[in-house]
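Written out below as structure tokens is the structure these notes cover.
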Amino acid sequence: MMAEAGPVAPGLEEFLEKSHSLEGKRLTDSIPKEYFEPQVGRGLLGFLLSAGVYAGSVAGILLVPQWPLWILLWITAGLGGWGLHCIAHDCGHGSFSRSRRFNVLIGGIALLPLLYPFHSWRHVHNMHHAHTNNIELDTDWRPLPPHLYDKLSPVGKIVYAGTRTWAFWGGTIRYWLLSGFRPGFFPKASMRREVRFSIAFTLVAGTAYLSALVLLGGPWALLTAFLAPWLATHLWFSATTLMHHSANDLPFLDSRHWTRNAGKLLMTTDYTYPRPLRVLTHNISIHSPHHVAPAIPFYRLPQAQEALKQAHPGLVRERRFTPGAFWRILRDLHLHDAEQGGFYQDFQRKPIPPGQDS
């Protein structure tokens, strides 16, 4: 099989051995079926927790006159908004409840702090799940090869380089701009109908929410109580999703080497968060079991992770979250290096060798 795919670049052979070990396996069989059962009450508690953090932070911004305190409140509002997104994430995968209509309702409300139409996000996110770290088809944080980066316009280069480094928080804003309000972005008529419905809901509910902010806090509230929390939510959104699937030893593979099972289990890093942060982000850092089985509710992900670790020893990637790990991603992982097995180059075109320090 490897001979047909051509010579294997240094650093890729170990990854492909792991990938081949998963061929023909049904990964979801490793997870007990009871972990797939949603408990709507637990999901609603998570929704109310994040809604309370977000609403309480916004109320504090409107009520507290000391602007230095707004910085802390912006951060907590962003954390609440990101937590709400994590609840919408379960709604999008049908793991919040067995009722599709209820999932759409809760998901649509939960994404209002981002003004992201629920079905727009859901369909783009499903594309990512179907092609995780496939360099040809993934929609999330796919690095450009150097020759395509060189062909970008000057503005395109600034945007791309910014979102891979200092302006990483703009990565998910870019996805929102590309897909959020563009039904034509989606290939199927059924998708476009759902997206139009979500756009209408977001416009109506969003207008009502923003109008209420103006009535309560004046026009400046649009900046202080909405735009700043919106940007902070995108900061959490971008940082988390970038770290899930970017590491110097995690390649983006072409279709010769990419496999569905590898995309589900081997292409994701689970980060160990401090317990309060894990609670507030609804176990989003325990991400491998979610990619293996998206129908698992967030409160069952720790148990599902343990089941996968027992069934597939050494194949679940776990790392302790540190600021240094995030810094190394921003410093080094910029361009796709097809000649070195699908790993990375930095912007100076220096290959980044696969290692264990990401």
Side-chain angles (χ1 to χ4, degrees), residues 11 14-15 18 50 53 71-72 74-83 85-86 89 128 132-133 140-143 161-172 231-252 265-292 298 301-302 304-306 308-309 312-337 342-348 350-358:
E14 180 182 354
F15 184 91
K18 294 178 180 179
S50 291
V53 172
I71 297 174
L72 176 61
W74 289 335
I75 294 172
T76 58
L79 180 57
W82 172 235
H85 177 282
C86 296
H89 186 249
H128 161 65
T132 305
N133 280 44
D140 284 13
W141 296 108
R142 180 173 54 178
T163 55
R164 303 297 303 199
T165 53
W166 66 273
F168 67 89
W169 42 269
T172 51
L231 291 170
T233 302
H234 273 290
L235 186 148
W236 287 99
F237 190 178
S238 292
T240 304
T241 54
L242 177 60
M243 293 192 75
H244 277 160
H245 304 292
S246 302
N248 61 24
D249 58 341
L250 263 187
F252 265 78
L265 185 59
L266 302 180
M267 300 292 200
T268 301
T269 303
D270 293 354
Y271 280 94
T272 303
Y273 282 1
R275 181 170 174 77
L277 183 58
R278 188 162 63 84
V279 170
L280 290 169
T281 57
H282 310 295
N283 292 325
I284 196 69
S285 63
I286 305 174
H287 209 55
S288 292
H290 168 70
H291 268 262
V292 169
F298 69 86
L301 291 173
Q305 183 197 55
E306 288 301 317
L308 284 174
K309 288 162 64 175
H312 307 284
L315 297 187
V316 176
R317 291 173 51 88
E318 289 185 280
R319 302 287 187 272
R320 183 171 63 89
F321 171 77
T322 64
F326 186 52
W327 163 246
R328 286 188 288 273
I329 291 173
L330 298 181
R331 181 192 66 190
D332 295 336
L333 308 187
H334 302 150
L335 299 170
H336 187 250
D337 194 339
F343 295 101
Y344 287 90
Q345 298 178 4
D346 62 18
F347 280 123
Q348 284 68 49
K350 181 183 75 174
I352 306 302
Q356 297 297 320
D357 62 343
S358 288

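- The minimum heavy-atom distance linking Phe343 with Leu250 is given by the pair CE2-N, 4.0 Å.
- In plain terms, the two heavy atoms of Thr281 and Trp82 that are nearest each other are CG2-CD1, 3.7 Å.
- The two residues Gly78 and Trp236 have their closest heavy-atom pair at C-CD1, 3.4 Å.
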**Asked** Given Phe252 and Met267, is the side-chain contact (heavy atoms from CB on, under 4.5 Å) satisfied, shown in steps?
**Response** CA-CA 9 Å; Phe252 265 78; Met267 300 292 200; over 6 Å; no
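- Here Ser246 contributes atom OG and Leu333 contributes atom CG; the two are 6.5 Å apart, rounded to the nearest 0.5 Å.
- The aromatic rings of Phe237 and His234 lie parallel to each other, their planes meeting at an angle below 30°, with 60° marking the opposite boundary.
- Annotation for Val53 and Thr76: closest pair CG1-O, 3.4 Å, computed over non-hydrogen atoms.
- Legend: residues meeting ring pair (Phe, Tyr, Trp, His ring centres under 6.0 Å) with His312, ordered by chain and number and at least two apart, are absent.
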**Prompt:** Do Arg319 and Asp249 pass the salt bridge (Lys or Arg N to Asp or Glu O under 4.0 Å) test, and can you show the C-alpha distance, the side-chain angles, and the key distance before you say yes or no?
**Reply:** CA-CA 13 Å; Arg319 302 287 187 272; Asp249 58 341; 3.6 Å; yes
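- Between the CG atom in Leu335 and the NZ atom in Lys350 there is a gap of 13.0 Å [rounded to 0.5 Å].
- Side-chain N or O atoms of Thr268 include none that pairs as donor or acceptor with a backbone N or O of Ser288 at under 3.5 Å.
- Judged by distance alone, with hydrogens and angles left aside, the side-chain atoms of Thr163 form no donor-acceptor pair with the main-chain N or O of Gly170 at under 3.5 Å.
- Looking at heavy atoms from C-beta onward, Phe15 lies in side-chain contact with Pro251 at the 4.5 angstrom threshold.
- Between the CG atom in Leu277 and the OG1 atom in Thr272 there is a gap of 11.5 Å [rounded to 0.5 Å].
- With His245 contributing its side chain and Leu242 its backbone, the two residues share no donor-acceptor pair below 3.5 Å.
- Residues His282 and His89 place their aromatic rings such that the two centres sit no closer than 6.0 Å.
- For the side chain to side chain donor-acceptor pair (under 3.5 Å) test with Asp270, the passing option among Gln305, Lys309, Arg317 is Gln305; the others fail.
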**Request:** Take Tyr271 and Arg278 through the side-chain contact (heavy atoms from CB on, under 4.5 Å) test and state the conclusion after the steps.
**Result:** CA-CA 10 Å; Tyr271 280 94; Arg278 188 162 63 84; over 6 Å; no
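- Between His287 and His244, the ring planes lie parallel to each other; the angle is under 30°, not in the 30° to 60° tilted range.
- Between the side chain of Asp346 and the backbone N or O of Arg331, no donor-acceptor pair lies under 3.5 Å.
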**Request:** With side-chain contact (heavy atoms from CB on, under 4.5 Å) as the test, would you mind laying out the steps for Thr165 and His334 before giving the verdict?
**Result:** CA-CA 8 Å; Thr165 53; His334 302 150; 3.6 Å; yes
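- When all heavy atoms of His336 and Gly342 are compared, the closest pair comes out as NE2-CA, 3.3 Å.
- Within the model, atoms OG1 of Thr132 and CG of Asp140 stand 8.0 Å from one another, a figure rounded to the nearest 0.5 Å.
- Considering every non-hydrogen atom in both Trp141 and Ser238, the closest pair reads CZ2-O, 3.6 Å.
- Residues Trp166 and Leu330 are not in side-chain contact: their nearest non-hydrogen atoms beyond the backbone lie 4.5 Å or more apart.
- Distance alone, capped at 3.5 Å, places no donor-acceptor pair between the Asp337 side chain and the Gln345 backbone.
- To the nearest 0.5 Å, atoms CG (Leu79) and CG (Leu280) are separated by 5.0 Å.
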**Request:** Check step by step if side-chain contact (heavy atoms from CB on, under 4.5 Å) holds for Asp332 and Asn248.
**Result:** CA-CA 8 Å; Asp332 295 336; Asn248 61 24; 5.9 Å; no
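- A distance of 12.0 Å separates CG in Leu301 from CD in Glu306, rounded to the nearest 0.5 Å.
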**Item:** Verdict with reasoning, His291 to His128, per ring pair (Phe, Tyr, Trp, His ring centres under 6.0 Å)
**Value:** CA-CA 10 Å; His291 268 262; His128 161 65; 5.1 Å; yes
